[in-house]
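Below is one structure, written out as structure tokens; comments come after it.
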Amino acid sequence: MKNVVFKKNKSDQKGFTLIELLVVLVILGLLAGLVGPKVVGYLSRGKSDTAKLQVEQLSAAMDLFLLDVGRYPTEEEGTAALLEGGGGINNWRGPYLRKNEVPLDPWGNEFHYKYPGQSGDYDLYSLGADNAEGGDGENADIGL
């Protein structure tokens, strides 16, 4: 029997060269640099939009409270009056919130409630990401 030796050609080898891998990494880096900031922007805008929806939801519960009781909760009663009718609140038919808890804003802080309000019957708002009055962008106050 003859010894047969098979030689592999370079074209038979499978895999990527180092240059090809570097090119792919550079392309991925460029894409991440372009898309990354937009994704972060959407996430921060998402929290602001969520806060707006929560304020509207709490406002609707305040209106139901008004219809039953004939007034909005006092500042001392606060948003807790939407869950508990204690303290001699006549005609209270709550709870007025579905989850039996007053939600926190998307940044984990309580919503602020003032009655009577400066811009309407009451003021209901979140102070944004920085939890301080004023601010721009994600730090802006969100409310009615």
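Bear in mind the structure is a predicted one, so any value in this text is a computation, not a measurement. One is the number of the first residue; the rest follow in order along the sequence.
Remark: L28 CG is packed, more than 12 non-hydrogen atoms of other residues, nucleotides or ligands lying under 6.0 Å away. Environment of CD in Q118: sparse, with no more than 12 heavy atoms of neighbouring residues, nucleotides or ligands closer than 6.0 Å. Atom CD of E75 has more than 12 heavy atoms from other residues, nucleotides or ligands within 6.0 Å.
Expressed to the nearest 0.5 Å, how far CD of Q57 lies from OG1 of T50 amounts to 11.0 Å. With rounding to the nearest 0.5 angstrom, the OH atom of Y115 is 12.0 Å from the CG atom of D123. Here the CD-OG distance, from Q54 to S59, works out to 13.5 Å after rounding to the nearest 0.5 Å. How far CG of L104 is from CD of E110: 6.5 Å, rounded to the nearest 0.5 Å. Atom OG1 of T74 and atom CD of E77 lie 3.5 Å apart (nearest 0.5 Å). Rounding to the nearest 0.5 Å gives a distance of 14.5 Å between CG of L58 and OH of Y96.
Under a hydrophobic clustering in which Ile, Leu, Val, Met, Phe, Trp and Tyr are joined whenever their side-chain heavy atoms come within less than 4.5 Å, directly or via other members, L22 and V24 fall into different clusters. In the hydrophobic clustering of this structure, L53 does not group with L127; members are Ile, Leu, Val, Met, Phe, Trp, Tyr whose side-chain heavy atoms approach within less than 4.5 Å, directly or through other members. Follow the hydrophobic side-chain contacts under 4.5 Å out from Y125 and you never reach I142; the two are in separate clusters.
A 4.5 Å side-chain heavy-atom check between P73 and M62 finds at least one atom pair inside the cut-off. At a threshold of 4.5 Å between non-hydrogen side-chain atoms, the residues L83 and L97 count as touching.
Ring geometry, Y122 versus Y113: the interplanar angle falls from 30° to 60°, so the pair is classed tilted.
Judged purely by atom type and a 3.5 angstrom limit, E84 has no side-chain atom pairing as donor or acceptor with the backbone of A81. Judged purely by atom type and a 3.5 angstrom limit, D68 has no side-chain atom pairing as donor or acceptor with the backbone of N91.
Here the closest heavy-atom approach between residue N100 and residue P95 is recorded as OD1-CG, 3.2 Å. F111 approaches P103 most closely through the heavy-atom pair CD1-O, 3.4 Å.
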Side chain to side chain contact (heavy atoms under 4.5 Å, CB included) between L124 and T79: does it pass, once the steps are laid out? CA-CA 9 Å; L124 182 63; T79 55; 4.2 Å; yes
